[in-house]
Amino acid sequence: GCPLLVRIYLRDCFDVTASGVATLAQGCSSLQTIFLQDCRSVCDSGIVALASTTPRALTCLCVRGCGELSDTSLIALSQCVNLKTLDLGRCIKITDAGVIALCKGVRMLENVSLGGCSAISDAAVVALAQYCSRLEWLSVKLCPNISDVSLDALGRNCGHLRSLGLLGCRVTDIGLE
């Protein structure tokens, strides 16, 4: 293993599986930043192993395009209390329940992408606003179940918010007030 390794980028590594992620986490328990974007063979068991091995170290995780991940991964990640950046873009099996469980455990989140997570609704964004008041950047683009309710919750609770991606959401003039 590489016990001093803190950052690894495995983007588009189509043959990396949950087993590989689990082995990596076991040998590299100091990992802080992990990019697994479009590693389509990674599933929940890899993220569960990663979360249980690096719960205090992990600060940044990108699993964009890892379409096999579900709420099981988010529940496991809820123990990663220092997680600040999380990219779940195009993880289409993620639901509100998983995001809510994550937010209850990980209150330090500052940057979150849920873009293309079509099962996400206002309930997930309301939970982010309620539990993650340090939120600075949020993308919910291409999430058709996001509406003015989300904007209201963010406006009331997220005074640090600097960037908000809403492409394809159901927002109206009322939400922009």
Side-chain angles (χ1 to χ4, degrees), residues 1-103 105-106 108-121 124-125 128 132 135 137-146 163 165-169:
C2 298
L4 300 180
L5 187 68
V6 294
R7 193 172 292 116
I8 190 163
Y9 296 88
L10 295 167
R11 183 176 180 173
D12 294 319
C13 294
F14 304 122
D15 294 327
V16 171
T17 67
S19 176
V21 173
T23 302
L24 175 71
Q26 197 169 33
C28 307
S29 59
S30 297
L31 281 172
Q32 297 171 3
T33 300
I34 305 167
F35 276 78
L36 297 168
Q37 182 172 339
D38 293 317
C39 293
R40 296 181 190 121
S41 298
V42 173
C43 61
D44 289 326
S45 60
I47 302 305
V48 169
L50 177 66
S52 66
T53 309
T54 62
R56 298 256 181 247
L58 192 62
T59 59
C60 176
L61 177 63
C62 174
V63 289
R64 170 177 292 276
C66 296
E68 293 303 311
L69 299 183
S70 73
D71 292 342
T72 300
S73 290
L74 297 188
I75 292 166
L77 288 170
S78 70
Q79 66 186 315
C80 298
V81 295
N82 293 315
L83 191 61
K84 292 183 179 175
T85 299
L86 182 60
D87 187 343
L88 297 167
R90 299 189 330 263
C91 292
I92 57 174
K93 294 182 179 180
I94 300 293
T95 72
D96 293 335
V99 175
I100 292 167
L102 173 78
C103 294
V106 183
M108 304 290 283
L109 284 171
E110 295 175 359
N111 306 292
V112 177
S113 176
L114 296 169
C117 296
S118 54
I120 295 298
S121 76
V125 176
L128 278 166
C132 304
L135 200 61
W137 186 94
L138 175 63
S139 174
V140 287
K141 66 181 184 180
L142 304 175
C143 294
N145 301 314
I146 301 299
S163 179
L166 295 165
L167 172 73
C169 296

(message) Go through it in stages, so that I can follow the logic: the residues are Val21 and Ile34, the test is side-chain contact (heavy atoms from CB on, under 4.5 Å), and I'd like the CA-CA distance, side-chain angles, deciding distance and then a yes or no.
(response) CA-CA 10 Å; Val21 173; Ile34 305 167; over 6 Å; no
(message) Walk me through whether Met108 and Leu83 qualify under side-chain contact (heavy atoms from CB on, under 4.5 Å).
(response) CA-CA 6 Å; Met108 304 290 283; Leu83 191 61; over 6 Å; no
(request) Walk me through it: do Val106 and Leu77 pass the test side-chain contact (heavy atoms from CB on, under 4.5 Å)? (result) CA-CA 8 Å; Val106 183; Leu77 288 170; 5.6 Å; no
(request) Take Val63 and Ser73 through the side-chain contact (heavy atoms from CB on, under 4.5 Å) test and state the conclusion after the steps. (result) CA-CA 10 Å; Val63 289; Ser73 290; over 6 Å; no
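Atom CZ of Arg64 sits about 9.0 Å away from atom CG of Leu88, to the nearest 0.5 Å. For the atom pair Cys132 SG and Lys84 NZ, the distance stands at 13.0 Å (nearest 0.5 Å). Considering CG of Asp44 and CG of Leu74, their distance stands at 8.5 Å, rounded to 0.5 Å. Taken to the nearest 0.5 Å, the CG atom of Asp71 stands 11.5 Å off from the OG atom of Ser78. Distance CG/Leu114 to CG/Leu142: 12.0 Å, rounded to 0.5 Å. Atom CG of Leu86 is separated from atom OG1 of Thr59 by 11.5 Å, given to the nearest 0.5 angstrom.
The backbone N or O of Ser118 lies less than 3.5 Å from a partner atom in the side chain of Asn145, making a donor-acceptor pair.
For the pairing with Cys62, the side chain to side chain contact (heavy atoms under 4.5 Å, CB included) check across Asp87, Leu10, Leu36, Thr85 returns one residue only, Asp87.
Ion pairing between a basic and an acidic side chain is recognised when a charged N comes within 4.0 Å of a carboxylate O; Lys93 and Glu68 show such pairing.
Listed here is the closest heavy atom pair of Phe14 and Ser41: O-OG, 2.9 Å. Taking all atoms of both residues into account, the shortest heavy-atom contact from Ala101 to Ile75 is CB-CG1, 3.9 Å. Contact between Cys169 and Cys143 at its shortest, heavy atoms only, is SG-O, 3.6 Å. Considering all non-hydrogen atoms of both residues, Leu58 and Cys80 come closest at CD2-SG, 4.1 Å. Residues Ala124 and Ile120 share a closest heavy-atom pair of CB-CG2, 3.6 Å. Across every non-hydrogen atom of Cys39 and Cys66, the tightest pair is O-SG, 3.5 Å.
The shortest distance between side-chain heavy atoms of Leu24 and Val16 does not fall below 4.5 Å.
For Ser45, the side-chain hydrogen bond (donor to acceptor under 3.5 Å, both in side chains) criterion is met by no residue, not counting sequence neighbours.
Sorted by first and then second residue, the pairs that involve residues 17-38 and meet side-chain hydrogen bond (donor to acceptor under 3.5 Å, both in side chains), not counting sequence neighbours, are Asp38-Arg90.
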